[in-house]
Amino acid sequence: MFVAIIFALIIVASIIFHFWSPWWWTPVASNWGNIDDTIILTFWVTGAVFVAVCLFMAYCVWAYRYRPDRKAEYKPEDKKLEFRLTWLTALGVVALLAPGLVVWNKYITVPENALKIEVVAYQWGWNYRLPGDDGVLGKTSVGLINDDNPFGLDINDPNSKDDILVMDADLHLEINQPVKVELRSLDVLHNFYVPQFRAKMDTLPGIITYYWFTPEKKGEYEILCAEYCGTGHYAMRGFVQVDEKKDYSDWLAKQISFEKMLAKKELKNLLIAEK
Amino acid sequence: MTSDKKQEVHTHKIGVYLWIWGLLFVFSFFSYMVDYINYQGLLRWSLIIFFMFVKAGLIMAIFMHLYWERWAIVNVLLWPMTAIGVFIAIMAAESYYTFFSRMFYFVVGS
Amino acid sequence: MSQFDIEKLPKGSKGFMYDWGSDQRAFKGVPWGKAMMWIFLLSDTFIFSCFLISLMTARASTVVPWPYPSEVFGLTVFGTSVPLLLIAIMTFVLITSSGTMAIAVKYGYEKNRKLCGWFLLATAIGGLTFVGMQAFEWSKLIFHDGVRPWGNPFGAEQFGAFFFMVTGFHGTHVSIGVIFLFIFARKVFRGDFDTGRRGYFTSMKSDYEAIEILGLYWHFVDLVWVFIFAFFYLW
Amino acid sequence: MTDEYTDNKLETKAADSSSGSYTPPAEAIPAKENPEQELYHAKSFWTKWVFCQDAKVIGIQYALTATAIGFIGLILSWGMRLQLGFPETFSFLGPATYYQSVTMHGMIMVIYLLTALFLGGFGNYLIPLMVGARDMVFPYVNMVSYWMFLVAVLVLLASFFVPGGPTGAGWTLYPPQAILPGTPGSEMGIVLMLVSLSLFVIGFTMGGLNYVITILQSRTRGMTLMRMPLTIWGIFTATVLALLAFPALFVACIMMTLDNLLGTSFFMPEIFTMGEKLDYAGGSPILFQHLFWFFGHPEVYIVALPAFGIVSDLISVHARKNVFGYRMMVWAIVIIGALSFIVWAHHMYVSGMNPWFGFFFATTTLIIAVPTAIKVYNWVLTLWRGNIHLTIPMLFSLGFIVTFVNGGITGLFLGNVIIDVPLSDTYFVVAHFHMVMGIAPLMVVFGAIYHWYPLITGRHLNQTLGKIHFWVTFVGAYAIYFPMHYLGFIGVPRRYFEMYDSPYMTSGVGLNQFITVAALIVGFTQFIFLYNIFTSWYKGEKSEKNPWKANSLEWHTPDYPPTHGNFGKELPVVYRWPYDFSVPGTDKEYIPQHVAPSEVPTAKAEQT
Ligand code: HEA
Ligand code: HEA
Ligand code: CUA
Ligand SMILES: [Cu+2]
């Protein structure tokens with residue numbers, strides 16, 4: 001009796017916790033509301049099964065508790081019942097999986113009009129590169145990195161000249177403009193994760209990974225590194241600021257392009273040399 | 001260590017082994033010739049694989065006596081290879097993906 | 001069925017169902033040691049498969065050209081360069097030793113002590129030759145061609161790394177096999193399997209079945225070489 | 001284990017068509033196929049208790065070693081929890097030490113505690129007894145297996161004392177960071193970890209071959225595969241998985257060791273770190289992840305399947321009812337095992353692998369839910385219309401069902417690739433795997449210890465302490481991990497040394513403190529359990545033979561507790577499955593496996 005009640009109570013407490021505790025996700029700020037929807041769907045389906053199985057178990061514990069005069073049933077198999085349960089579960093799996101795969105397909109299909117920007121991860125911080133007017137990012141190589149060329153851009157690639165380098169952990173994005181983030185790492189694995197956007201992907205050295213999203217809500221969101229990358233992993237933060245078009249342009253105007261940066265550096269070097 | 005004598009009499013005429021031995025030589029020679037003649041492309045690929053499997057099959061079936069074993073053990077030894085097969089297929093797809101990604105972003109440039 | 005007789009059991013797929021549904025043994029007529037060796041080899045196959053799959057991955061995804069093994073491993077004999085000559089000879093040596101092993105196993109079962117012992121020795125010597133040639137190949141590659149695990153003059157870095165790792169791992173298998181071949185050759189000549197002399201470590205008796213088990217191992221090493229030959233050298 | 005799957009499918013088909021299949025005769029005793037096993041007889045204290053070749057002693061050695069190292073894992077988790085809950089108050093852990101604790105905690109718990117305990121400990125003790133063998137087929141190799149394991153454990157422990165400390169790369173040991181200076185323990189620690197794992201694999205292979213061959217080739221007369229207790233099925237399938245999965249780990253370890261020591265570039269691409277460019281070029285970190293998870297996913301089932309098997313037996317015995325749907329249970333185990341080799345990349349959905357894999361791996365992953373669900377249904381249906389004794393093993397089994405279903409269901413979230421995107425690498429994952437792996441199988445371990453302790457020592461564990469142990473562990477652990485999922489929903493990433501300065505993460509502070517307190521209480525209770533184990537060894541209530549009235553062979557040895565050689569002069573002959581409880585038509589409440597049908601002529605037991 002006591003045991004059955006406690007098990008039932010635990011289930012009830014779980015439900016209460018789920019619905020009434022203050023801990024829940026932050027409101028979504030990107031187009032990936034569908035991800036939340038699939039999660040909710042999964043919650044309903046699996047939650048129902050969880051509650052049903054556990055309550056049934058508690059019921060059995062209570063109803064069939066030991067009594068010396070009782071004899072347990074002897075029934076090795078019930079083909080029909082097992083068959084039904086199997087198909088029911090298979091149905092549940094399909095119900096969960098099908099919508100999930102549809103959304104995943106969307107997740108890996110980047111729309112044509114997405115703005116391609118590059119996120120550069122390193123131990124332990126974030127930098128960004130925007131394509132400039134030509135809309136194309138220049139080639140890079142880890143081998144080219146030096147003090148004058150912190151991103152390792154290929155100077156000979158004409159596309160790289162007007163690339164805009166953001167040497168700062170703050171990134172600005174324009175609201176409702178789809179972006180494809182191309183993720184690059186200089187050293188180890190990292191992961192570009194903004195909880196409010198619901199999207200993430202590892203950055204790897206030696207290869208470019210990507211995902212896309214459309215910021216749909218103004219505000220400032222924290223970037224977290226979500227792949228363990230060494231002692232400073234937990235401190236590898238940054239911010240994304242989602243702006244209206246105008247604020248975004250203002251910010252963009254203040255950024256410096258690769259060409260300009262090289263020129264400035266050269267000037268400085270010249271000055272040092274003259275001294 | 002224990003032994004059960006009575007069923008252990010599958011000894012074969014020595015000729016069987018000599019035959020297989022000879023065949024292995026021949027096929028090794030063939031696969032060597034693929035390189036020597038310098039076939040390329042799909043032809044090379046399929047010939048190499050073909051000779052490889054023939055040789056492997058002969059060694060397993062005759063030298064390792066698998067041909068004379070009962071199905072119970074033969075199946076146990078061969079089915080797990082499907083897992084390896086899946087692994088190979090996935091990793092082949094993965095490496096082409098990696099290759100094109102590297103070419104696209106680092107060699108050719110987007 | 002009072003007396004157990006393997007010849008009377010169903011065969012083929014029927015036998016398969018019979019064996020798995022039966023009691024005592026799933027592998028009818030397979031002694032414990034042999035079953036154990038087979039399962040071990042299965043596990044070992046996964047090890048080599050993982051090595052070779054990694055090789056495939058590295059090779060298919062490299063943007064630096066992969067060295068052309070046919071040239072790297074070519075030898076110059078009398079002024080003409082023959083591709084893969086040494087490897088070809090090594091392959092033949094290993095196959096030869098596999099043949100002698102198969103015959104040693106056969107004589108083992110016929111309890112022909114002399115012949116079994118001699119063929120074991122022949123196998124061991126074949127194995128030694130193989131390892132020796134491999135040592136030669138390694139030293140040529142290291143000292144003459146400048147191939148290192150961390151780089152080589154021909155192209156992709158992984159070439160040397162995989163070469164030394166895969167052939168090294170295989171070579172270790174061969175060497176272990178050679179050691180056991182010598183040990184068992186001695187046991188056979190001394191007649192341990194006929195007199196029931198106990199093993200030094202295990203203090204258990206053993207018999208000619210041990211030769212077959214060793215044979216399985218040796219053929220497996222040969223088998224692996226077939227794949228290495230195809231995937232590393234010929235590819 | 002693809003092979004087993006087909007095997008059983010074919011076999012039952014054959015049973016229906018009656019041609020070619022084998023049904024052991026009801027009464028006749030089959031001929032002996034296995035020769036009498038010669039046992040090694042110890043001559044000195046050393047060979048009797050230390051370098052012992054008796055599987056039972058080896059099992060206990062394994063179990064004690066695993067428990068000892070498990071407690072180190074537990075204490076490490078305390079340190080982590082204190083840091084996470086009260087970073088200001090307990091600031092003795094720096095980030096480096098924290099990461100080292102996490103890594104060692106994860107690795108110890110998964111490999112050196114659970115794998116070793118289930119397969120090395122329970123496997124060694126129970127396999128020969130339950131299948132009716134005198135010992136493992138190669139006791140000598142079995143003995144070496146344990147000593148190899150011990151060396152692996154010692155190497156692991158040694159890494160705590162080397163310069164730089166143990167590795168802090170996370171238990172997944174992902175390169176490149178695992179061997180680069182930005183990670184704690186990248187000097188000696190990582191090498192010792194890799195060496196220890198390799199030794200573990202080698203040692204385990206020796207033991208594993210023994211378990212597999214003993215089960216396949218050394219069963220007693222009448223013991224068909226379909227009459228084996230599910231415990232054995234679980235351990236057997238898990239061992240096969242291990243034999244096929246550990247090679248990938250082994251290879252990954254070798255390659256990483258070479259990357260580290262020789263400077264090869266298997267997993268290392270061009271890297272610019274700490275202001276300089278390293279000499280590596282062209283390797284692929286993803287390759288390591290594939291190798292690791294090709295091992296890693298089967299590994300999680302290696303610790304789950306024995307638990308599945310054991311819990312079925314516990315439920316059946318203590319509910320006095322046959323396991324419902326035994327055949328389905330066996331297949332489910334085998335199918336889960338087979339499928340576990342083609343789902344590995346569900347750990348890599350956001351790793352940057354080929355995105356199309358998402359479809360394939362999400363589908364295979366969710367398919368596993370079906371056989372697993374069948375198992376869950378059959379456990380509760382075994383309780384249905386049973387006659388349930390609420391003994392401590394039964395309580396733990398019930399706790400297992402709740403935590404396992406909970407954890408399995410969160411697995412469905414993660415397996416559905418798109419849902420994994422926001423949740424991956426957050427505390428949701430941590431909650432998932434502690435629920436399904438940290439708690440559920442441990443519940444079974446505890447239940448199994450209460451169940452078999454009398455067999456091993458001839459005494460019962462203290463029941464009151466046992467009840468306390470169960471309730472605190474079960475309710476406490478549930479209280480730790482159920483709320484933890486919600487940290488994941490908020491977006492708190494895992495492996496964060498501290499997380500208090502983020503705007504929305506601060507909302508989790510109270511929750512974290514609660515979790516820490518619960519973890520301390522639960523952890524402390526384990527010491528009560530330890531105390532119980534040691535004091536009951538000589539003070540516990542004496543148990544009569546077969547106290548739970550079980551049917552399987554281990555309880556029916558002539559000596560109680562069983563001695564070397566297990567079964568006296570003659571090995572038992574088996575006539576039925578181990579679940580003939582409450583059979584109608586007879587006043588016998590249970591019919592042990594070795595009781596011939598003629599001894600219980602009126603019993604209407606189904607032929608198995
Ligand atoms: C014992 C160990 C164990 C077990 C059994 C499982 C079982 C499962 N696991 Fe878990 N898992 C781990 C241990 C385990 N896992 C560990 C250790 C990690 C993290 C490793 C790391 O990164 O450090 C992990 C991580 C992990 C991930 C990666 C998350 C990430 O890193 O992003 C995923 C993703 O697919 C996953 C999925 C699953 C699934 C689908 C199951 C399924 O097998 C579950 C099946 C069970 C059920 C489904 C419940 C019973 C069913 C019913 C009651 C019927 C109802 C069902 C329906 C309606 C369909 N697990
Ligand atoms: C079986 C596996 C297992 C077990 C039992 C546990 C037990 C616990 N774990 Fe852990 N944990 C892991 C496997 C496990 N863990 C893994 C794989 C990781 C990932 C590592 C990584 O990220 O690299 C992890 C990570 C991890 C984290 C995340 C750290 C981070 O990401 O920053 C946390 C945080 O709270 C945590 C806490 C705990 C606590 C409080 C306990 C316990 O205190 C819970 C209570 C204890 C028990 C219920 C009993 C413990 C049992 C024994 C001591 C053995 C006794 C046995 C016998 C007597 C036979 N663990
Ligand atoms: Cu960067 Cu974690
Ligand atoms: Cu998994």
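Since this is a predicted model, take the numbers as computed values, not measurements. The chains referred to below are lettered A, B, ... by the order of the sequence lines, with proteins before strands, and numbering in each begins at 1.
- A 6.0 Å sphere centred on CH2 of A:W62 holds no more than 12 heavy atoms belonging to other residues, nucleotides or ligands.
- In this structure, a donor-acceptor pair under 3.5 Å is absent between the side chains of D:D425 and A:Y193.
- Only the backbone of D:P175 has a heavy atom closer than 4.5 Å to any heavy atom of chain A.
- Heavy atoms of D:V323 lying under 4.5 Å from chain A belong exclusively to its backbone.
- Neither the backbone nor the side chain of D:Q100 comes within less than 4.5 Å of any heavy atom of chain A.
- For A:L204, the part lying under 4.5 angstrom from a heavy atom of chain D is the side chain only.
- Listed options A:A63, A:A90, A:G206, A:C60 were ranked by heavy-atom pairs under 4.5 angstrom with chain D; first place goes to A:C60.
- For D:I374, the part lying under 4.5 angstrom from a heavy atom of chain A is the side chain only.
- D:Y496 has its ring centre less than 6.0 Å from the ring centre of A:H233.
- Interatomic distance, A:Q196 CD to A:I223 CD1, rounded to the nearest 0.5 Å: 10.5 Å.
- For a residue to count as touching a neighbouring chain, one of its non-hydrogen atoms must lie under 4.5 Å from one of that chain's; by this rule A:S141 touches chain D with the side chain only.
- Interface summary for chain D: among A:N191, A:T203, A:N105, A:V194, the most heavy-atom pairs under 4.5 angstrom belong to A:N105.
- In this structure, chain A has heavy atoms under 4.5 Å from both the backbone and the side chain of D:L366.
- Contact of A:I6 with chain D is made through the side chain alone, with heavy-atom distances under 4.5 Å.
- Between chain A and the residues D:S351, D:S284, D:G170, D:A373, the largest count of heavy-atom pairs under 4.5 Å involves D:S351.
- Using a 4.5 Å cut-off between heavy atoms, D:L383 touches chain A through backbone and side chain atoms alike.
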Under the ring-ring contact (aromatic ring centres under 6.0 Å, His included) rule, what do A:W25 and D:Y486 come out as? Steps first, then yes or no, please.
-> CA-CA 8 Å; A:W25 56 47; D:Y486 294 83; 9.8 Å; no
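- For A:Q123, the part lying near chain D is the side chain, with the backbone staying farther off; criterion is any non-hydrogen pair under 4.5 Å.
- Aromatic ring centres of D:F324 and D:W384: separated by at least 6.0 Å.
- Heavy-atom distances place both the backbone and the side chain of A:I39 under 4.5 Å from chain D.
- Per-residue heavy-atom pair counts under 4.5 Å with chain A were compared for D:V380, D:L423, D:V421, and the maximum is reached by D:V421.
- Contact count versus chain A (heavy atoms, under 4.5 Å) is highest, among D:Y478, D:F497, D:F581, D:W577, for D:F497.
- The two residues D:Y280 and D:P269 come nearest to each other via the heavy atoms CB-O, 3.4 Å.
- For D:A178, no part lies near chain A; criterion is any non-hydrogen pair under 4.5 Å.
- Of the atoms belonging to A:L183, not a single heavy atom falls under 4.5 Å from chain D.
- There is no side-chain donor-acceptor pair under 3.5 Å between D:T273 and A:Y122.
- Ranked by heavy-atom pairs shorter than 4.5 Å toward chain A, the options D:L412, D:T410, D:I367, D:L398 are led by D:L398.
- Only the side chain of A:F56 comes within contact range of chain D, with at least one heavy atom under 4.5 Å from a heavy atom of that chain.
- Neither the backbone nor the side chain of A:V45 has a heavy atom closer than 4.5 Å to any heavy atom of chain D.
- Using a 4.5 Å cut-off between heavy atoms, A:F2 contacts chain D through its side chain alone, with no backbone atom that close.
- Of the two parts of A:W124, only the side chain, counted from C-beta on, holds a non-hydrogen atom closer than 4.5 Å to a non-hydrogen atom of chain D.
- Looking at D:Y377 and A:T89, their side chains do bring a donor and an acceptor atom within 3.5 Å of each other.
- Taking NE2 of A:H190 as the reference point, atom SG of A:C225 lies at 6.0 Å (rounded to 0.5 Å).
- At a 4.5 Å heavy-atom cutoff, A:F197 makes no contact with chain D through either its backbone or its side chain.
- Ion pair A:D36/A:R198 flagged as a salt bridge, since at least one NZ, NE, NH1 or NH2 atom sits closer than 4.0 Å to an Asp/Glu carboxylate oxygen.
- Looking at D:R327 and A:E77, no side-chain N of the basic residue comes within less than 4.0 Å of a carboxylate O on the acidic one, giving no salt bridge.
- Classification of the A:W44-A:F19 ring pair by plane angle, with boundaries at 30° and 60°, yields tilted.
- For D:M274, the part sitting under 4.5 Å from any heavy atom of chain A is the side chain, from C-beta outward, and nothing else.
- Here OH of D:Y98 is found 10.0 Å from CZ of D:R495. Values are rounded to the nearest 0.5 Å.
- Among the candidates A:F17, A:W104, A:F43, the residue making the largest number of heavy-atom pairs closer than 4.5 Å to chain D is A:W104.
- For D:S424, the parts lying under 4.5 angstrom from a heavy atom of chain A are both the backbone and the side chain.
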D:F489 vs A:W24, ring-ring contact (aromatic ring centres under 6.0 Å, His included): CA-CA, chis, key distance, verdict | CA-CA 6 Å; D:F489 280 124; A:W24 193 236; 4.9 Å; yes
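- Taking chain D as the reference chain and counting heavy-atom pairs below 4.5 Å, the highest number among A:L186, A:L97, A:I108 is found for A:L97.
- Only the side chain of A:Y59 comes within less than 4.5 Å of a heavy atom in chain D; its backbone stays farther off.
- Rounding to the nearest 0.5 Å places OH of D:Y349 at 7.5 Å from CG of D:N416.
- Under 4.0 Å is where a charged nitrogen must lie from a carboxylate oxygen, and between A:E182 and A:K180 at least one such pair does.
- Note on ring orientation: taking the six-membered ring where Trp is involved, the planes of D:F428 and D:H485 are perpendicular (angle over 60°, cut-offs 30° and 60°).
- Between chain D and the options A:V93, A:T209, A:I11, A:N34, heavy-atom pairs under 4.5 Å are most frequent for A:V93.
- Chain A forms more heavy-atom pairs under 4.5 Å with one residue of D:G386, D:P584, D:P181, D:G352 than with any other, namely D:G386.
- Ranked by heavy-atom pairs under 4.5 Å with chain A, the first of D:W379, D:Y326, D:Y579, D:F413 is D:F413.
- Residue A:F83 qualifies as open at atom CZ: its count of foreign heavy atoms under 6.0 Å is 12 or below.
- Contacts between D:T172 and chain A at a heavy-atom distance below 4.5 Å are absent for every atom of the residue.
- Contacts between D:F470 and chain A at a heavy-atom distance below 4.5 Å involve the side chain alone, from C-beta outward.
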